[in-house]
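One structure is given below, encoded as structure tokens.
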Amino acid sequence: PFPTLFSQELEEARRWEGARDVRPLDGNVRRWGGLLLPNNPPYNTGAFHFELTFSANHPLEPPCVTLRTPIYHPSVDPEGRVCQPLTTHQHWQPTTRAIQVLQDLLLQLDSPDPQRVLRPDVARELKERPEEFQRRAEEHTRLHAEPRPDP
């Protein structure tokens, strides 16, 4: 049943407009890569490589999401780990689909939440000096993000 499950979910993710080029990495159906396309400033000028890794126990265990493109965001640490409650063991539901994980991640990039924090300094800046945060995040996006693909 696993390959079928993965192929259905992969097709679903490929049709979603929030990402591009979603595909198995190195031919491994348990490791997907692609580009996430944020909708809102300061990240909507770039595209961000993500990796989605499914455990051997998927869908009983949540997948692991990593952003491979550096991003200046309170919920993403410098290694690309994401503070995403949806993919924690206490919130994970086996019925949750990969596309929902990606949609949740995009929503999180589009609306930084100072409550979901992996970088307290960035979260503090977002709360106390939002203009400074926007400026830094825009600059970081300009320097590190991938060019956005044509629609």
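These numbers were taken from a predicted model, which means no experiment stands behind them. Computed from heavy atoms alone, side chains included, the values below leave out hydrogens, waters and symmetry copies.
Judged by distance alone, the side chain of E9 and the main-chain N or O of A98 form a donor-acceptor pair under 3.5 Å. A distance-only check finds a donor-acceptor pair linking the side chain of D113 to the backbone of Q115 [under 3.5 Å]. A donor-acceptor pair under 3.5 Å is absent between the side-chain atoms of H49 and the main chain of R68, judged by distance alone. A donor-acceptor pair under 3.5 Å is formed between the side chain of W92 and the backbone N or O of P59.
In this structure, CG in L67 is found 12.5 Å from CD in E79, a value given to the nearest 0.5 Å. Here the CG-CD1 distance, from D77 to I71, works out to 12.0 Å after rounding to the nearest 0.5 Å. Interatomic distance, CZ of R97 versus CD1 of I99, reported as 8.5 Å (0.5 Å rounding). The CD atom of E51 sits 8.5 Å away from atom SG of C64, with the distance rounded to the nearest 0.5 Å. Between the CG atom of L105 and the OG1 atom of T87 there is a distance of 9.0 Å, given to the nearest 0.5 Å. How far CZ of R20 is from CG of L35: 9.0 Å, rounded to the nearest 0.5 Å.
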#### Entry: salt bridge (Lys or Arg N to Asp or Glu O under 4.0 Å) assessment of E139 paired with R142
CA-CA 5 Å; E139 175 71 1; R142 197 175 61 70; 3.0 Å; yes
Verdict with supporting geometry, V76 and V82, side chain to side chain contact (heavy atoms under 4.5 Å, CB included) = CA-CA 5 Å; V76 184; V82 182; 4.3 Å; yes
Take L37 and R148 through the side chain to side chain contact (heavy atoms under 4.5 Å, CB included) test and state the conclusion after the steps.
CA-CA 7 Å; L37 307 174; R148 278 179 89 90; 3.4 Å; yes
Point to revise | side chain to side chain contact (heavy atoms under 4.5 Å, CB included) between T53 and T66, intermediate numbers included | key: CA-CA 8 Å; T53 309; T66 312; 5.6 Å; no
If you apply the rule side chain to side chain contact (heavy atoms under 4.5 Å, CB included), what do you find for L106 with F48, and how did you get there? CA-CA 10 Å; L106 187 65; F48 296 83; over 6 Å; no
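Applying the salt bridge (Lys or Arg N to Asp or Glu O under 4.0 Å) rule to R23 yields the partners D21; only residues at least two apart in sequence or on another chain are considered.
Classification of R136 and E132 as a salt-bridged pair holds, one side-chain N sitting under 4.0 Å from a carboxylate O.
Scanning all heavy atoms of the two residues, the minimum distance from Q100 to L86 falls at O-CD2, 3.7 Å. The two residues H144 and P70 make their nearest non-hydrogen contact at CB-O, 3.8 Å. The two residues V122 and H73 come nearest to each other via the heavy atoms CG1-C, 3.8 Å. Of all heavy-atom pairs between L126 and F133, the closest is CD1-CD2, 3.5 Å. Summarising the geometry of A13 relative to L102, their closest heavy-atom pair is CB-CD1, 4.2 Å, with the distance given to 0.1 Å. Counting all heavy atoms, side chain and backbone alike, P147 lies closest to A47 at O-CB, 4.0 Å.
Inter-residue side-chain proximity for Q108 and D104 is flagged as met; some heavy-atom pair is nearer than 4.5 Å. Taking the side chain as every heavy atom from C-beta outward, R14 and E11 approach each other to under 4.5 Å. A heavy-atom distance below 4.5 Å is not found between the side chains of R116 and P74.
Cluster annotation: V29 is connected to V101 through the hydrophobic network of ILVMFWY side chains, with a link wherever side-chain heavy atoms come within less than 4.5 Å. Taken together through direct or relayed side-chain contacts under 4.5 Å among Ile, Leu, Val, Met, Phe, Trp and Tyr, W16 and L52 form part of one hydrophobic cluster. Cluster annotation: L109 and V117 are assigned to distinct hydrophobic clusters (Ile/Leu/Val/Met/Phe/Trp/Tyr, side-chain heavy-atom contacts under 4.5 Å, transitive).
Residue Y72 forms a side-chain hydrogen bond (donor to acceptor under 3.5 Å, both in side chains) with just one option from R119, E125, H140, and that option is E125.
Proximity of the aromatic rings of F6 and H58 is defined here by a centroid distance below 6.0 angstrom, and this criterion is met. The six-membered or imidazole ring of F54 lies near that of W32, with a centre-to-centre distance under 6.0 Å.
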